[in-house]
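What follows is one structure encoded as structure tokens, with my remarks underneath.
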Amino acid sequence: MILSALLTSVGINLGLCLLFFTLYSILRKQPGNRIVYAPRLVEKEKKSQQADFSLERLLPSPGWVRQAWEPSEDELLSTVGLDAVVFMHIFTFSLKVFTVAGIIGITILLPINFLGNQLSYDFSDLPNKSLDSFSISNVDDGSNRLWIHFCAAYVFTGVVCYFLYQEYSYISSKRVSYFYSSKPQPHQFTLLVRGIPGSSRSSFSEVVESFFKDYHPSTYLSHTVIRRTSKIQELTKDAEKLHRRLARLNSNDNSHKRFRRDGFLGIFGRKVDLLDHYGKRLEALQDNVRMEQSSLAGKEVAAAFVSFNSRYGAAIALHIQQGVNPTEWVTEQAPAPQDVHWPFFSSSFMKRWICKLAVVVACIALTILFLIPVVIVQGLTHLDQLETWFPFLKGVLNLTFISQVITGYLPSLILQLFLSFVPPIMIMFSSIQGHISLSNIEKSACSKVWWFTVWNNFFANALSGTALYHVQVFLEPKKIPQVLAEGVPAQASFFIAYVVTSGWTSISSELFRMFPLICSFISRLCCHNASDDLEVPSIPYHSEIPRVIFSVLLGITYFFLAPLILPFLLVYYCLGYIIYRNQLLNVYAPKFETGGKFWPIVHNSTIFSLLLMHVIAIGIFGLKKLPLASSLVIPLPVLTLLFNEYCRKRFLPIFEAYPTECLVKKDREDQNDATMAEFYEKLVTAYQDPALMPVQYSGSSDGRTSPLLHAANV
């Protein structure tokens, strides 16, 4: 890619960012759009009445930036939780790292690269110069200037490790403080026990009660045996849909909409009163739910939530094997009641194992299939290939602006469109694996999306050839540094365009929220009570975290190869910091709280990025005929791995389980808390399946429908 093509891409994306910012600052002022741009506020207070027309509402203003910037971290923590604070620390960490990297890269490395003679460019025609002239590829082979790059690699590694240590230490201390300041939560006292051995003389409930009274007599409190409720869940969903339809009909002023024909497409057949029709269907569904609930007595599953009267007692049961057979009485920490993912509790140990294996195979297959769009995208970066594939486009491709848009903007945009389908697929795969909580599903999907992005966005683009060639490269470890050193610098221009296209534009479109805006407009157009069904969204960490930390990988990898990428990354993280602060405060509400458990994923991905940079450095100094520098880089990955091992021993245990010191201190505080008796009473029923809970529906105006009855005690 030449410099003019990059400038065209930057101009297009900068224009889109400004457009999104302007439209957002106007649309957020409109009262009808509050459910899109501030659903958290709409949930807390009733929707504001339609205000009189004001010209000020049609003028863009930057006031939202100040409102997003002003809240302190403690205010952010109390409002949206520790997970959101950890997410914002990815941006602050990246800004610290790439500010230092930018100073070194732009003031020292970039001039050295530009003044090299390896590529022999005519410097008088700067706009048409290749971006390779700003990369390490332009430094002469064997030049002593390469030692500056060598020193920069060491300094930058030390800077990244220093900031990583700071962040890991700070977030782990925040996690402990967050635990101390939290009120008693059901999941702190509860374990999930699977593999309960069956008995012909006793039910699972009796077996659980007998076992824990025998072996944990002083700490055991209660238990809730899980039952198969998939059919009730389907019936309840249908009932909720009917209830919403009835609510819309009752609130609709146009009475003629109550009547419809019951034939094909509502055109043929006899005319029926929809209020009466839906009311009867809702009654029938409620009767079916009652029957299913009453028949659940014998449908127990070999799993139960077991609660204890102290956190320390639950921790002892968690970390000690309960039975002689390790596949029986298997314990794990229970998630929060609202975080429970119910479908896979009825699956056996063998079924879960098979599902995990199937997911691994499916992920590999998806990764291989995704190489097809990657090859297409790489073809767009080479106009000569396009002219060969599509000769009828030769005249169009010769136009300067068209060629610059195709090579500089279109490839990254197409790749981003394909990548948008990956996170939902990974969520589905993680659900199939048998995780017991929504947070574990999202963490698992986050890791899957990250490694998928690294392979298909980075390696597949950096390495040319077929999928078989990619596999062969990694089967010969000795050739990996050389192959990466040849392929990665050649793709610097593509990844700079990727940061601009997939970074700037996508993060600005996150602010604009076009799809929710369209849905809200259609809802207001079709029905007057659309806001009654308001559901505040939660931030999709499984897609956002991999996208943000992939830019960290690009910045670390290209720090000394092509430092021109660093200013674009700094702009990206500055935009992301403000935009996501606004979204977390006004748009998203936490669906669960892990206490910052996403940070180890960020730490590990950053360590991987450093190791990748070291491997490429070994190869690039070898290609540049500086073997001594190549050999002296080898201690860097060793030192980085030692640093990572220290962090793993020092900080990771805090993220896996709270230590005895924290648990006992918190339990002693609870002994003086007068509300603990009430908490223990609620704890007994905290983990009842929502499908078995009583649900109140008022289906029609004459009160013919009655509430769903809670017929089964679990």
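Note that this is a predicted model, so its numbers are computed, not measured.
Taking every heavy atom of both residues into account, Gln333 and Ile436 meet most closely at O-CD1, 3.8 Å. Of all the heavy atoms in Ile90 and Ile549, the pair that sits closest is CG2-CG2, 4.0 Å. Across all their heavy atoms, Val208 and Ile196 have their closest contact at CG2-CD1, 3.3 Å. What you find for Asp667 and Ser310 is that their closest heavy atoms are OD2-CB, 3.6 Å. Taking both residues in full, the closest heavy atoms of Ser430 and His435 are given as O-CD2, 3.2 Å, listed atom of the first, atom of the second, then distance. Taking each heavy atom of Tyr687 and His187 in turn, the nearest pair found is OH-CA, 3.1 Å.
By the neighbour-count criterion of 12 heavy atoms within 6.0 Å, atom OH of Tyr215 is sparsely surrounded, having that number or fewer from other residues, nucleotides or ligands. The neighbour count for Glu656 CD, taken as heavy atoms of other residues, nucleotides or ligands under 6.0 Å away, is above 12. No more than 12 heavy atoms of other residues, nucleotides or ligands lie within 6.0 Å of CD in Glu661, so this atom counts as exposed by the packing criterion.
Taken to the nearest 0.5 Å, the OG atom of Ser173 stands 14.5 Å off from the OH atom of Tyr178. Atom CZ in Phe93 sits 5.5 Å away from atom CH2 in Trp599 (nearest 0.5 Å). The distance from atom CD of Glu593 to atom CD of Gln338, rounded to the nearest 0.5 Å, is 10.0 Å. Note: Leu318 CG to Thr331 OG1 = 5.0 Å, rounded to the nearest 0.5 Å. To the nearest 0.5 Å, atom CZ of residue Phe179 and atom SG of residue Cys662 are 6.5 Å apart. Considering OH of Tyr588 and CD of Gln583, their distance stands at 5.5 Å, rounded to 0.5 Å.
Between the side chain of Ser444 and the main chain of Asn440, no donor-acceptor pair closer than 3.5 Å is present. Remark: side-chain polar atoms of Gln322 are paired, donor with acceptor, to backbone N or O of Ala317 under 3.5 angstrom. With His223 contributing its side chain and Ser205 its backbone, the two residues share a donor-acceptor pair below 3.5 Å. Within the 3.5 Å criterion, the main-chain N or O of Ser199 finds no donor-acceptor partner in the side chain of Ser202. Between the side chain of Glu75 and the backbone N or O of Ser72 there is at least one donor-acceptor pair closer than 3.5 Å. Formation of a donor-acceptor pair under 3.5 Å by the Asp339 side chain with backbone atoms of Ser439 is found in this model. Side chain of Ser172 to backbone of Ser169: a donor-acceptor contact under 3.5 angstrom is found. In this structure, Asp83 contributes its side chain and Gly596 its backbone to a donor-acceptor pair below 3.5 Å. Counting only distance, with no hydrogens or angles, the side chain of Lys591 and the backbone of Pro537 share no donor-acceptor pair below 3.5 Å. For the pair Asn586 (side chain) and Ala68 (backbone), a donor-acceptor distance under 3.5 Å is absent.
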Apply the test side chain to side chain contact (heavy atoms under 4.5 Å, CB included) to residues Leu76 and Met88: give CA-CA distance (whole Å), side-chain angles for both, the deciding distance (0.1 Å), then the verdict.
CA-CA 10 Å; Leu76 193 67; Met88 293 311 303; 3.9 Å; yes

request  = Before giving the answer on side chain to side chain contact (heavy atoms under 4.5 Å, CB included), spell out for Leu164 and Ile607 the whole-Å C-alpha distance, their side-chain angles and the decisive distance to 0.1 Å.
outcome  = CA-CA 9 Å; Leu164 268 180; Ile607 292 295; 3.9 Å; yes

**OP:** Would you check, one step at a time, whether the test side chain to side chain contact (heavy atoms under 4.5 Å, CB included) holds for Tyr541 with Phe87?
**Re:** CA-CA 8 Å; Tyr541 289 118; Phe87 181 66; 3.9 Å; yes

From CA spacing to verdict: side chain to side chain contact (heavy atoms under 4.5 Å, CB included), Thr190, Leu683: CA-CA 9 Å; Thr190 306; Leu683 182 58; 3.7 Å; yes

Just do the salt bridge (Lys or Arg N to Asp or Glu O under 4.0 Å) check on Arg311 and Asp670 with the steps written out, would you? CA-CA 10 Å; Arg311 300 174 183 84; Asp670 292 342; 2.4 Å; yes

Checklist entry - Would Lys665 and Glu669 satisfy salt bridge (Lys or Arg N to Asp or Glu O under 4.0 Å), going step by step from the backbone distance to the final call? => result CA-CA 6 Å; Lys665 279 185 179 180; Glu669 288 179 12; over 6 Å; no

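Annotation: side chain of Ile654 is in contact with side chain of Pro659 (closest heavy-atom distance under 4.5 Å). Residues Ser182 and Gln188 have side chains in contact (heavy-atom distance under 4.5 Å, counting atoms from C-beta outward). Side-chain atoms of Asn644 and His603, non-hydrogen and from C-beta on, do get closer than 4.5 Å to each other. By the 4.5 Å heavy-atom criterion applied to side chains, Phe655 and Phe598 are not counted as neighbours. Using a 4.5 Å heavy-atom cutoff, the side chains of Tyr580 and Asn582 are not in contact. Contact annotation: the side chain of Thr79 never approaches that of Leu584 to less than 4.5 Å [non-hydrogen atoms, C-beta and beyond]. Side-chain atoms of Phe308 and Leu191, non-hydrogen and from C-beta on, do get closer than 4.5 Å to each other. Side-chain contact between Leu652 and Cys647: absent, with no pair of heavy atoms (C-beta onward) separated by less than 4.5 Å.
Gln433 and Lys448 form a side-chain donor-acceptor contact under 3.5 Å, judged by distance and modelled atom types alone.
Tyr577 has its ring centre no less than 6.0 Å from the ring centre of Phe91. The six-membered or imidazole ring of Phe211 lies near that of Trp329, with a centre-to-centre distance under 6.0 Å. For Phe608 and Trp451, the ring centers are positioned less than 6.0 Å apart. Residues Phe679 and Phe189 bring their aromatic ring centres within 6.0 Å. Aromatic rings of Tyr165 and Phe651 (six-membered ring for Trp) have centroids within the 6.0 Å cut-off, being under it. Separation of the His216 and Phe212 ring centroids falls under the 6.0 Å cut-off.
A salt bridge links Asp74 to Lys174: one of the charged nitrogens lies within less than 4.0 Å of a carboxylate oxygen. Under a 4.0 Å N-O distance rule, the pair Glu206/Arg201 does not qualify as a salt bridge.
Judged by a 6.0 Å distance limit and a 45° cone about the ring axis, Arg175 is positioned over the six-membered ring of Tyr658.
Of the candidates Pro424, Pro423, Cys446, Pro423 is the only one forming a side chain to side chain contact (heavy atoms under 4.5 Å, CB included) with Ser543.
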